[in-house]
Amino acid sequence: MHIGLVGLGKMGFNMRARLRAGNIEVTGFDRNPEVSDAASLADLVKAVPAPRLIWVMVPSGDITNSVITELSELLEPGDLLVDGGNSRFTEDQKHGAMLATKNIGFMDVGVSGGVWGLENGYGLMAGGSAENFERVLPVLDTLRPEGERADSLVHVGDVGAGHYAKMVHNGIEYGLMQAYAEGYELLAKKDIIEDLPGTFRAWQKGTVVRSWLLDLMVKALDEDPGLESIDDYVEDSGEGRWTVEEAIANAVPAPAITAALFARFSSREDSSPAMKMVSALRHQFGGHATKPAGS
């Protein structure tokens with residue numbers, strides 16, 4: 001199998017490596033010529049045999065719109081385009097409808113795994129037709145972790161459903177990180193706590209709050225015990241806001257996720273040890289940039 005991959009940033013670069021290790025031929029394109037296999041999108045399309053499968057892994061918004069629009073002029077009827085970024089589900093529906101007029105298939109796939117996906121595999125949430133899902137399944141099976149397929153891969157529904165599921169996943173992630181971070185700040189404030197990193201380390205096995213995020217929290221504290229190198233400014237990448245907007249639109253109470261989003265806003269105004277930990281966790285799992293302390 002031979003696919004095209006557009007976007008060789010942190011995740012795209014690692015995804016290409018994992019696919020190649022799984023004996024899937026990948027031709028990649030990126031604006032950075034040092035990592036790109038093709039000189040242009042047109043060259044990428046020429047390099048992949050028809051019917052083509054082209055996976056787009058670029059930032060959501062204008063960049064995704066631009067890439068999909070350009071590809072729509074280069075691809076042929078029978079080709080399949082997959083958006084594996086973090087696009088809003090409403091944009092997927094627009095892209096799918098536009099490509100359908102050209103008889104080009106479209107799927108959206110929410111991808112979770114961050115910078116650790118190359119080694120551990122990715123959690124995948126796919127939206128699109130059953131026919132297109134079966135067509136892309138060899139790629140999805142190569143990207144996901146070993147073990148039962150249902151434990152890491154789901155065909156959620158039609159176009160837009162994959163990114164909707166990923167949006168909610170990221171909203172939950174906001175709430176989980178905020179809870180861990182607030183616990184960190186409370187423990188750090190109390191002078192009777194003599195081993196703060198050890199406390200979190202002791203929660204990693206046997207407790208009800210154990211998780212991969214907790215493991216990454218311990219890793220962050222090992223690397224910088226006081227988080228002294230990290231500023232408490234925390235970005236939000238869109239999915240948290242969209243989750244809150246959807247909760248409002250559907251009259252679903254989401255106080256934990258909403259509060260976590262607002263806490264990120266407050267991090268841009270006041271100093272907060274808890275928000276330093278949220279920033280550290282985002283860097284650990286996703287490679288998201290942190291601001292140096294004092295910046």
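Predicted model, so just to flag it, every value in this text is computed and none were measured.
Between the NZ atom in Lys102 and the CG atom in Leu81 there is a gap of 12.5 Å [rounded to 0.5 Å]. The distance from the CG atom of Leu75 to the CG atom of Asn103 is 12.5 Å, given to the nearest 0.5 Å. Interatomic distance, Ser129 OG to Arg135 CZ, rounded to the nearest 0.5 Å: 9.5 Å. Summarising the geometry, atom CZ belonging to Arg20 is positioned 9.0 Å from atom CG belonging to Leu5; distances are rounded to the nearest 0.5 Å. Separation of atoms CE (Met11) and CG (Leu118) is listed at 11.0 Å; rounding is to 0.5 Å. The distance from the CG atom of Asn170 to the OG atom of Ser112 is 6.5 Å, given to the nearest 0.5 Å.
Note on Leu8 and Val111: same hydrophobic cluster, where clusters join Ile, Leu, Val, Met, Phe, Trp and Tyr whose side-chain heavy atoms are under 4.5 Å apart, directly or indirectly. Grouping the Ile, Leu, Val, Met, Phe, Trp and Tyr side chains by contacts below 4.5 angstrom, directly or via other members, places Leu216 with Leu214. Hydrophobic clustering, with ILVMFWY side chains joined whenever heavy atoms are under 4.5 angstrom apart, keeps Leu186 apart from Met217. No chain of hydrophobic side-chain contacts below 4.5 Å, direct or via other Ile, Leu, Val, Met, Phe, Trp or Tyr residues, connects Leu99 to Ile3.
Contacts of Glu25 classified as salt bridge (charged side-chain N to carboxylate O under 4.0 Å, His left out), with partners at least two apart in sequence or in another chain: none. Partners of Asp215 under the side chain to side chain donor-acceptor pair (under 3.5 Å) rule, at least two apart in sequence or in another chain, are Gln204. With sequence neighbours excluded, the residues satisfying side chain to side chain donor-acceptor pair (under 3.5 Å) with Thr27 are His2. Under the salt bridge (charged side-chain N to carboxylate O under 4.0 Å, His left out) criterion, Arg31 pairs with no residue at all, not counting sequence neighbours. Taking the salt bridge (charged side-chain N to carboxylate O under 4.0 Å, His left out) definition, one finds that Asp30 meets it with nothing, sequence neighbours left out. With sequence neighbours excluded, no residue forms a salt bridge (charged side-chain N to carboxylate O under 4.0 Å, His left out) with Glu148.
Listed by first and then second residue, the salt bridge (charged side-chain N to carboxylate O under 4.0 Å, His left out) pairs that reach into residues 186-204 are Arg201-Asp222, sequence neighbours excluded. For residues 51-60, the salt bridge (charged side-chain N to carboxylate O under 4.0 Å, His left out) pairs, not counting sequence neighbours, are Arg52-Glu76, Arg52-Asp79. Applying the salt bridge (charged side-chain N to carboxylate O under 4.0 Å, His left out) test to pairs two or more places apart or on separate chains, none has a residue in residues 104-133. The ring-ring contact (aromatic ring centres under 6.0 Å, His included) analysis of residues 12-55, with sequence neighbours excluded, yields no pairs.
In terms of heavy atoms, His163 sits closest to Gly84 at NE2-C, 4.3 Å. Closest approach of Met98 and Ser72 over heavy atoms only: SD-CB, 3.7 Å. Shown here for Asn120 and Arg18, the closest heavy-atom pair between the two residues is C-NH1, 4.2 Å. When every heavy atom of Gly105 is checked against every heavy atom of Leu80, the shortest pair comes out as C-CD1, 3.4 Å. Taking each heavy atom of Leu71 and Val6 in turn, the nearest pair found is CD1-CG2, 4.4 Å. Between Leu74 and Val45 the shortest heavy-atom distance is O-CG1, 3.7 Å.
Of the possible polar contacts, none joining the Ser36 side chain to the Ala39 backbone as a donor-acceptor pair under 3.5 Å is found. Looking only at distances, no side-chain donor or acceptor of His169 sits under 3.5 Å from a matching main-chain atom of Ala165. Under a 3.5 Å cut-off, the side chain of Arg210 and the backbone N or O of Thr207 do form a donor-acceptor pair. With Ser66 contributing its side chain and Asp62 its backbone, the two residues share no donor-acceptor pair below 3.5 Å.
Side-chain atoms of Ile24 and Val26, non-hydrogen and from C-beta on, do get closer than 4.5 Å to each other. You'll find the side chain of Leu53 stays beyond 4.5 Å of the side chain of Val48, heavy atoms only. Residues Met125 and Val109 fail the side-chain proximity criterion, which asks for heavy atoms closer than 4.5 Å. Inter-residue side-chain proximity for Leu153 and Tyr122 is flagged as unmet; no heavy-atom pair is nearer than 4.5 Å.
In this structure, His155 has its ring center closer than 6.0 angstrom to the ring center of Phe133.
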Could you pull out every donor-acceptor pair under 3.5 Å between side chains of residues 136-143 and any protein atom, sequence neighbours left out?
residue	atom	partner	partner atom	Å
Asp141	OD1	Arg144	NE	2.7
Asp141	OD1	Arg149	NE	3.1
Asp141	OD2	Arg149	NH2	2.7
Thr142	OG1	Pro138	O	2.8

For a quick test of your reading: what N or O donor-acceptor pairs under 3.5 Å do the side chains of residues 242-260 make, sequence neighbours left out?
residue	atom	partner	partner atom	Å
Thr243	OG1	Met167	O	2.9
Thr243	OG1	Glu239	O	2.7
Glu245	OE1	Arg88	NH1	2.9
Glu245	OE1	Arg88	NH2	2.8
Glu246	OE1	Tyr164	OH	2.9
Glu246	OE1	Asn250	ND2	3.2
Asn250	ND2	Glu246	O	2.9
Thr258	OG1	Ala254	O	2.7

Requested in this report: Walk me through it: do Glu70 and Val67 pass the test side chain to side chain contact (heavy atoms under 4.5 Å, CB included)?
Outcome: CA-CA 5 Å; Glu70 186 173 351; Val67 169; 5.9 Å; no
**Report entry** Residue pair Lys10, Asn14: steps toward the side-chain hydrogen bond (donor to acceptor under 3.5 Å, both in side chains) verdict
**Finding:** CA-CA 6 Å; Lys10 293 170 184 174; Asn14 285 346; over 6 Å; no
**Report entry** CA sep, side-chain torsions, deciding dist, call: His95, Thr69, side chain to side chain contact (heavy atoms under 4.5 Å, CB included)
**Finding:** CA-CA 8 Å; His95 294 148; Thr69 299; over 6 Å; no
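Between Lys46 and Asp37, no side-chain nitrogen of the basic residue sits less than 4.0 Å from a carboxylate oxygen of the acidic one, so the salt-bridge criterion is not met.
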